[in-house]
Amino acid sequence: MRRRTLPAPAPLPQRQGVDPVRVRLPLDGSWATVADYLAHRLPDGVGARLAEMLRDGEVVTADGPIDAATPYRPGASVWFHRDLPAEAPVPFPVELVHRDEHLVVIDKPHFLATTPRGSHVVETALSRLRSELDLPHLVPAHRLDRLTAGLVMFVADPWARGAYQGLFRDRLVHKEYQAVAPYRPELERPRTVRSRMVKERGVIAAREEPGEVNAVSRVELLERRGGLARYRLEPLTGRTHQLRLHMSSLGAPIVGDPVYPVVLPPAAPDDFSRPLQLLATTLEFTDPITGREVRLRSRRTLAAWADQGVCQDVDEGTDKGAGRGADRNADRNADQDLVEPR
């Protein structure tokens with residue numbers, strides 16, 4: 001495996017698993033001091049806080065803290081910690097599925113973001129894991145939506161980042177999800193959905209439009225219980241909200257989806273009462289470092305399905321009452337060796 005040069009470490013430690021902000025000073029800068037540039041670069045209204053940070057030595061270069069009089073030096077970098085936003089604690093644990101010298105794989109709960117973004121910073125899987133496992137260099141190999149539960153892979157070894165992230169970039173990982181959604185008779189046979197998806201920056205919902213296909217998903221009905229059904233979903237591409245939009249376009253929006261088919265008003269930050277019934281259940285890949293065939297499975301179940309009654313068989317050979325789903329608890333308990341040869 002070819003090793004690339006790693007960036008120099010930040011001169012500030014992480015806070016609660018969150019990296020400091022790095023700001024590079026432009027080469028063509030004409031500001032007299034670093035403070036002048038930061039006042040220009042940072043949002044309006046932070047002047048008093050910036051002055052406080054400079055006075056207290058909270059803004060640093062590779063050579064140490066700076067103050068309000070430090071001269072501007074084109075091409076230099078400065079680091080500081082942003083003030084963390086107030087966040088509602090996500091009251092669900094992160095379950096560790098697998099850990100070795102290269103990888104950490106977790107079973108992420110609903111409502112927990114994978115990485116810091118927007119108003120979710122400390123209450124994220126990445127920040128929690130960095131703090132709880134004392135792995136400051138941990139990075140995600142891929143991401144799950146905040147509302148989706150299930151398997152997420154992180155890379156613990158900085159030298160191995162490219163190898164594992166490349167598996168997802170090059171679509172060398174077999175991924176399966178399960179979802180609970182309305183029963184649709186026309187979905188009793190497996191089908192492949194192909195469409196062109198567009199996700200605009202700043203717009204929460206993606207949409208489909210005519211044009212070259214860029215999103216492909218396989219949908220299989222596993223079993224039915226009254227008006228609901230459990231589906232196996234396989235994303236063959238990796239567009240944002242792909243499975244959610246494709247299920248909605250089939251007339252079977254996933255239970256608990258606040259975006260598809262209609263964008264609902266935002267829930268309160270501490271409202272965890274209606275989780276999206278979408279679960280990343282399986283990751284399969286050939287380890288690019290060891291060459292081992294790996295299969296990982298989620299231990300989680302979807303609440304909307306667990307609350308339903310006896311299922312109705314859909315078709316022979318599917319994962320249902322007489323097949324692999326006849327005793328779901330036994331199936332989960334038997335799968336304790338979560339990293340196994342295929």
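A single hydrophobic cluster is seen to contain both Leu42 and Ile66, as judged by linkage of ILVMFWY side chains at heavy-atom distances under 4.5 Å, directly or through other members.
Across every non-hydrogen atom of Thr286 and Leu167, the tightest pair is O-CD2, 4.0 Å. Scanning both residues, His142 and Leu151, for their nearest heavy atoms gives CE1-O, 3.8 Å. The two residues Arg171 and Leu236 make their nearest non-hydrogen contact at CD-O, 3.8 Å. Residues Gln14 and Pro136 approach most closely at NE2-O, 2.6 Å, considering heavy atoms. The two residues Phe111 and Asp271 make their nearest non-hydrogen contact at CE2-O, 4.1 Å. When all heavy atoms of His102 and Asp157 are compared, the pair lying nearest together is ND1-OD2, 3.4 Å.
A salt bridge (charged side-chain N to carboxylate O under 4.0 Å, His left out) with Glu284 is found for exactly one of Arg295, Arg292, Lys175, Arg297, namely Arg295.
A distance of 7.0 Å separates OG1 in Thr115 from CG in Leu126, rounded to the nearest 0.5 Å. Note that CG of Leu129 is 5.0 Å distant from CD1 of Ile106, once rounded to the nearest 0.5 Å. Considering CD of Glu223 and CZ of Arg225, their distance stands at 5.0 Å, rounded to 0.5 Å. Summarising the geometry, atom CG belonging to Leu38 is positioned 8.0 Å from atom OG1 belonging to Thr33; distances are rounded to the nearest 0.5 Å. With rounding to the nearest 0.5 Å, the separation of OG in Ser195 from CD in Glu212 is 12.5 Å. To the nearest 0.5 angstrom, Leu144 atom CG is 5.0 Å from Tyr177 atom OH.
Asp36 contributes no side-chain N or O that, together with a main-chain N or O of Ala39, makes up a donor-acceptor pair within less than 3.5 Å. A distance-only check finds a donor-acceptor pair linking the side chain of Glu87 to the backbone of Val122 [under 3.5 Å]. The closest donor-acceptor contact from the side chain of Thr237 to the backbone of Val216 lies under 3.5 Å. The closest donor-acceptor contact from the side chain of Ser298 to the backbone of Arg300 lies under 3.5 Å. Lys108 places a side-chain N or O within 3.5 Å of a backbone atom of Arg146 that can act as its donor or acceptor partner. Side-chain atoms of Tyr231 come within 3.5 Å of backbone N or O of Pro182 as a donor-acceptor pair.
A 4.5 Å side-chain heavy-atom check between Ser217 and Leu233 finds every atom pair outside the cut-off. Side-chain contact between Met53 and His81 is absent, with no heavy-atom pair separated by less than 4.5 Å. Proximity of Arg189 to Arg191: side-chain heavy atoms (C-beta onward) are nowhere separated by under 4.5 Å. Two residues are said to be in side-chain contact when any heavy atoms from C-beta on lie closer than 4.5 Å; Glu234 and Thr282 fail this criterion. A heavy-atom distance below 4.5 Å is not found between the side chains of Arg143 and Val152. Between Thr148 and Leu279, the closest side-chain pair of non-hydrogen atoms is not below 4.5 Å. The side-chain heavy atoms of Gln165 and Val139, taken from C-beta on, include a pair separated by under 4.5 Å. Contact of the Arg207 side chain with the Glu200 side chain is registered, since non-hydrogen atoms from C-beta on lie closer than 4.5 Å.
Within 6.0 Å of CZ on Arg196 lie more than 12 heavy atoms contributed by other residues, nucleotides or ligands. At most 12 heavy atoms of other shown residues, nucleotides or ligands fall within 6.0 angstrom of atom CD1 in Ile204.
The residues Arg49 and Glu58 are annotated as salt-bridged, a charged nitrogen and a carboxylate oxygen being separated by less than 4.0 angstrom.
Among residues at least two apart or in separate chains, ring pair (Phe, Tyr, Trp, His ring centres under 6.0 Å) pairs with a member in residues 11-36 are Trp31-Tyr37, Trp31-His40, Trp31-Tyr72. Residue pairs satisfying the salt bridge (charged side-chain N to carboxylate O under 4.0 Å, His left out) criterion with at least one member in residues 120-130, sequence neighbours excluded, are listed as follows: Asp19-Arg130, Glu123-Arg128.
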Exercise for review: Check the pair Leu12, Val60 against side-chain contact (heavy atoms from CB on, under 4.5 Å), reporting the backbone distance first and the verdict last.
Suggested key: CA-CA 8 Å; Leu12 289 175; Val60 306; 3.6 Å; yes
Check your understanding: Stepwise, does the side-chain contact (heavy atoms from CB on, under 4.5 Å) test hold for Tyr164 with Asp287?
Key -> CA-CA 8 Å; Tyr164 290 103; Asp287 190 296; 2.9 Å; yes
Counting only pairs under 3.5 Å, give me each side-chain donor-acceptor contact of residues 249-264, with atom names and distances, residues two or more places apart or in other chains.
from	atom 1	to	atom 2	distance (Å)
Ser249	OG	Leu245	O	3.4
Ser249	OG	His246	O	2.7
Asp257	OD1	Arg244	NH2	2.8
Asp257	OD1	Val259	N	2.9
Asp257	OD1	Tyr260	N	3.3
Asp257	OD2	Arg244	NE	3.0
Tyr260	OH	Ala206	N	2.7
Tyr260	OH	His241	ND1	2.8

